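Take a look at the structure below.
Hydrogens, waters and symmetry mates play no part in the numbers below; they use all other heavy atoms, side chains included. Both ligands and their constituent atoms are indexed starting at 1 by order of listing. Computed from a predicted model, the values in this text were never measured in an experiment.
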Amino acid sequence: MQEKIKVLLSEVEEFKAESKEQLEEFRIKLLGSKGKIKDLFADFKNVPNEEKKEVGQLINNLKVKTQAKFDEFKSSLAGEDSSLALDLDLSRTATPVELGSRHPISIVRNEIIDIFSRIGFTVSEGPEIEDDWHNFSALNFPPEHPARDMQDTFFVESEEGDIALRTHTSSVQVRIMENTKPPIRTLSPGRVYRNEAISARAHCFFHQVEGLYIAESVSFADLKQTLMYFAKEMFGEETKIRLRPSYFPFTEPSAEMDVSCSVCNSKGCNVCKYTGYLEIMGCGMVDPNVLENCGINSKKYTGFAFGMGVERIAMLKYKINDLRLFSENDVRFLEQFKSAF
Ligand code: PHE
C-alpha cells in the first residue's frame with residue numbers, strides 16, 4: 001500500500017494542468033467520490049494496526065498535496081481567464097473611430113456665407129441640371145454666344161429641349177428674381193460644371209458663391225463698398241481691392257475684382273505672377289434686360305451681382321497649388337483642415 005501511495009504522490013507532484021478539462025480529470029481521478037484517495041481510505045481498514053499511524057499520515061499527506069495541486073492550477077487557470085477578460089472590452093468599437101474634418105471647400109464656402117450674411121444676405125439654392133432659359137437666355141446670352149458652345153457646357157440629352165449642367169449659379173438668381181419682389185439680397189452657393197480639360201488650374205466641376213442685390217437706386221458705389229468689406233473680412237484689414245473693366249452678358253458695366261496679394265504684400269511673387277494682385281471674382285450692375293426677362297421693372301429697380309469660385313479663394317487662403325486635390329479625397333490632404341473649424 002505504501003508503494004501505491006508513493007506512486008500516486010509522485011504522479012501528483014509531477015502533474016501540470018494545461019487546461020480546465022485536464023484539471024477536472026485530475027480532480028475526478030484522485031479527489032472524486034470514486035477517486036483513488038477515496039479507495040485508499042476504504043482500504044485503510046485492512047492495514048495492520050502497527051502500520052496504521054504511518055500509512056494514515058501518508059494518505060493524509062497525499063490528500064493535502066493533491067488538494068494543494070488542484071487549488072494551485074485552479075487559480076492559475078482562472079487567472080488566465082480573468083486577464084483574458086480584461087483585454088477583451090466588448091463595449092469597444094472594433095477599430096478606432098477617426099474623427100473626420102470639414103472639407104476645405106465647405107469651410108471657405110461657409111466663411112463667405114457668414115461674411116455676407118452679416119450684411120443681410122440670405123442663401124438660395126437651385127437645381128444643378130438646368131434649362132437653357134435659366135442658365136443662358138434669361139441672362140442675356142445671345143444665341144450665338146460662345147459659352148453655349150459644346151466646349152464649355154455639358155449638355156444633357158433630353159426631349160424637352162436644351163438641358164445642361166449649370167455652368168454658373170447665376171441660374172439660381174434668375175429663379176429668385178422670377179419669384180421674388182425686390183428688395184432681393186441673396187447668395188447662391190453651389191456646384192457648377194464646365195467642359196474643361198482637368199489640370200492643376202481647371203476642373204470640369206467647381207464651386208461658386210454668387211451674390212445678387214436688387215432694390216431701388218442700388219449703385220456701383222454700393223457694389224464696390226460691399227466687395228471691399230468682403231475682401232477685408234476674408235483676407236485681412238490691410239487688403240486693397242482693384243476693379244478692372246470686363247464683360248459679362250448679364251451685367252453692364254462689368255468688372256473683375258482683384259485683391260492685393262497677401263503672400264508678398266503686393267511686392268510681387270510667383271503666386272500673383274509679380275503683379276501684386278490676384279483676381280478673385282467677376283461682378284457688375286445687373287443688365288436691365290435681365291431684370292425685364294425676370295419680370296422686374298428696370299425703371300424702378302437696379303441691382304448688382306458678383307460671382308466667385310470657392311476653390312480659387314481656398315487656394316489663395318491655404319496656399320494650395322493644385323485644384324485636383326479638392327476632389328481626390330486624399331485623407332492626408334483633408335486632415336490638415338482639422339484645426340480650421
Ligand atoms: N456668373 C459669372 C461666372 O460664372 C460670375 C459673375 C456673376 C460675373 C455675377 C458677374 C456678375 O463666371
Quick look: Ala305 vs ligand 1, heavy-atom contacts under 4.0 Å, and the answer is both
Would you sort out whether Lys6 and Glu11 count as a salt bridge (Lys or Arg N to Asp or Glu O under 4.0 Å), showing the intermediate values? CA-CA 8 Å; Lys6 259 192 206 156; Glu11 230 178 74; over 6 Å; no
Which of His134, Met177, Arg166, Gln208 passes side chain to side chain contact (heavy atoms under 4.5 Å, CB included) with Val172? Answer is Arg166
Review point. Does the separation of the ring centres of Phe136 and Phe250 fall below 6.0 angstrom?
Key: no
| query | Do Phe116 and Phe230 have ring centroids that are under 6.0 Å from one another? | reply | yes
Output the list of atoms in ligand 1 that are nearer than 4.0 Å to some heavy atom of [X], sorted by atom number.
X      : result
Phe306 : 7 (C), 9 (C), 11 (C)
Ser170 : 1 (N)
Phe250 : 1 (N), 2 (C), 6 (C), 7 (C), 8 (C), 9 (C), 10 (C), 11 (C)
Cys283 : 8 (C), 10 (C), 11 (C)
His168 : 1 (N), 4 (O)

Item checked: Salt bridge flag under 4.0 Å for residues Glu178 and Arg175 -> no
Q: Give a yes/no on ligand 1: does Gln173 have at least one heavy atom closer than 4.0 angstrom to it?
A: no
For ligand 1, is there an atom lying under 4.0 Å from some heavy atom of Phe304?
no
Checklist entry - Does any N or O in the side chain of Ser219 come within less than 3.5 Å of the main-chain N or O of Ala221, such that one atom is a donor and the other an acceptor? => result yes
Nearest heavy atom to atom 4 (O) of ligand 1, choosing from Arg194, Arg166, Met281, belongs to Arg194
Next item on the list: Start with the C-alpha gap between Glu279 and Arg244, add the side-chain angles, then the distance that decides, and say whether salt bridge (Lys or Arg N to Asp or Glu O under 4.0 Å) holds.
Entry: CA-CA 10 Å; Glu279 183 188 317; Arg244 285 179 290 105; 3.3 Å; yes
The protein heavy atom nearest to atom 5 (C) of ligand 1 is Glu210 OE2, 3.5 Å
